[in-house]
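First up is the structure itself, then whatever we jot down about it.
Note that these values count all heavy atoms, side chains included, but never hydrogens, waters or copies made by symmetry. Just so it is clear: chains get the letters A, B, ... in the order the sequence lines come, proteins before strands, and each one is counted from 1. If you're wondering where the values come from, they're calculated on a predicted model, not measured in any experiment.
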There are 2 protein chains.
Amino acid sequence: MVHKQAPPVRKLDDQGKILSNAARLFREKGFEKTSLKEIAEACNMLPGSLYYRYSTKETLLVELMRRGVGLVTAEVEMAYADSDDPVQQLRFCINAHLRALLVDPDTVYALLFEWRSLGPEAREEIVALRDQYESLWAEILAVMIEKGVIKKNVDSRLLRLIGFGALNWVATWFDPNGDHSLEAIGDFVWQIAIGGVITKGVQS
Amino acid sequence: MVHKQAPPVRKLDDQGKILSNAARLFREKGFEKTSLKEIAEACNMLPGSLYYRYSTKETLLVELMRRGVGLVTAEVEMAYADSDDPVQQLRFCINAHLRALLVDPDTVYALLFEWRSLGPEAREEIVALRDQYESLWAEILAVMIEKGVIKKNVDSRLLRLIGFGALNWVATWFDPNGDHSLEAIGDFVWQIAIGGVITKGVQS
DNA sequence: GTCTATATGTGGATAGAC
DNA sequence: GTCTATCCACATATAGAC
């Protein structure tokens with residue numbers, strides 16, 4: 001077997017550069033207001049060159065979103081497998097979802113807020129992927145309720161939706177240089193999950 | 001003093017029709033993908049006619065957002081004044097914020113998700129209004145902590161941001177004909193605030 | 001106040017040289 | 001694989017009649 005001449009020197013640079021620049025611009029200006037010319041300029045290329053990789057602007061967004069879902073899914077699945085104690089598992093999964101917002105914030109931002117720019121077919125694909133991720137959480141929460149980690153009388157769908165809100169919204173205000181670290185945010189959410197915020201005794 | 005000849009027969013119909021149609025379309029398709037032609041058609045008008053009321057497309061969005069902030073602010077202020085018991089006040093304010101998402105969902109949706117379509121000057125204005133609303137909540141939460149309703153050790157800024165997330169995200173999935181009524185959602189959030197979701201005894 | 005007609009700009013996308 | 005050049009559609013906005 002012949003030795004490969006050149007070591008696999010990451011070929012992602014081309015595609016990766018386009019995707020990351022696009023993601024950044026989409027986050028800053030929104031998908032619709034970002035022109036292919038701008039994306040190309042950010043990559044030191046010309047508009048026409050982008051079409052060699054992505055036949056339409058929408059394709060670019062779809063690819064971005066696919067990666068976004070893959071990212072959060074991988075983080076949460078790893079976190080779940082990272083402990084045998086269900087309480088720890090839940091806590092780790094919350095932190096994993098939050099971490100995914102940081103690992104590649106621009107990509108996840110597109111996933112959360114640019115789905116209206118997808119045509120019907122593309123939207124169907126992405127929604128299916130998103131539903132898959134949500135069903136992963138549905139399973140996790142079901143297990144937690146079954147194991148008695150989460151109170152039996154809690155509506156798991158509402159918990160998932162409200163919890164997603166609390167976590168996803170972080171993407172709109174989180175500042176890596178700001179007052180609150182991701183860990184602090186995760187701890188805070190966990191404290192609420194454990195005991196709420198209302199003082200005992202004044203509860204009506 | 002001369003009697004006014006015609007009674008004030010709601011003159012909002014014209015402007016109101018434009019705004020509500022625009023809000024609905026902005027929510028469905030997004031601001032950038034909605035053309036003035038579509039808005040005009042929805043109002044049984046022609047594109048040129050819209051410019052009599054709004055000199056630019058952005059002006060329309062700004063006016064919409066002004067109303068959105070006014071709406072939620074009014075709801076929460078009324079709710080706060082609706083009781084003397086601080087616990088009830090907090091609960092009412094949460095419900096009021098949620099209710100504002102329903103009263104005029106399209107308008108509030110624009111406020112939450114279309115701010116990137118504003119130019120620098122307009123954005124400054126709307127952000128200032130939004131900050132005003134947030135400071136209203138900051139005050140409410142500060143009072144609640146001071147009065148011992150909310151636990152003393154809770155970071156009020158984090159609570160506000162996480163809470164806004166939980167509530168605002170409802171706008172992305174709420175279905176008036178769906179399983180959960182706004183009241184049920186408010187109760188659910190309140191239950192979490194009171195005691196969290198984790199079973200006592202398994203808390204690590 | 002609403003219409004017609006149109007100016008003007010821009011963006012996505014294609015064809016084909018290199 | 002990237003470039004040049006360009007087509008084409010469409011959107012915002014304007015001017016001016018009615």
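Across the protein-nucleic acid pair, A:L61 atom CG and C:dG11 atom P stand 18 Å apart, rounded to whole Å. For the pair B:E32 CD and C:dG11 C1', the computed distance is 13 Å after rounding to whole Å. Nucleotide D:dT12 holds its P atom 4 Å from the CG atom of B:L36, rounded to whole Å. Rounded to an integer number of Å, the gap from A:M45 CE to D:dT4 P is 13 Å. Atom NZ of A:K33 is separated from atom P of C:dG12 by 13 Å (rounded to the nearest Å). Rounded to whole Å, the distance from CG on B:L60 to P on D:dA11 is 16 Å. Between B:K37 atom NZ and C:dT2 atom P there is a gap of 19 Å when expressed in whole angstrom units. Taking atom CD on B:Q15 and atom P on C:dG1, their separation rounds to 10 Å, with Å as the unit.
Rounding to the nearest 0.5 Å places CZ of B:R116 at 8.5 Å from CZ of B:R123.
Taking only side-chain nitrogens and oxygens, B:Y51 comes nearer than 4.0 Å to OP1 or OP2 of D:dA13. Remark: A:S49 is not in phosphate contact with D:dG1, judged by side-chain N or O atoms under 4.0 Å from OP1 or OP2.
Comparing atom distances between the A:L46 side chain and each of D:dT4, D:dG1, D:dA13 picks out D:dT4 as nearest.
The residue among B:G48 and A:Y52 whose nearest nucleotide of DNA chain D lies closer to the 5′ end is A:Y52. Nucleotides of DNA chain C nearest to A:S55 and A:E38 differ in position, and the one nearer the 5' end is that of A:E38.
Between A:F113 and A:Y109, the ring planes are tilted. Angles from 30° to 60° get that label. Aromatic ring pairs are classed by plane angle as parallel below 30°, tilted from 30° to 60° and perpendicular above 60°; the pair B:F164 and B:Y133 is parallel.
Of the N and O atoms on the side chains of A:Q132 and A:T73, not one donor lies less than 3.5 Å from an acceptor on the other residue.
Other residues, nucleotides and ligands contribute over 12 non-hydrogen atoms within 6.0 Å of the NZ atom of A:K33.
Contact annotation for B:S35: backbone-only contact, meaning every heavy-atom pair under 4.0 Å involves sugar-phosphate atoms and none involves a base.
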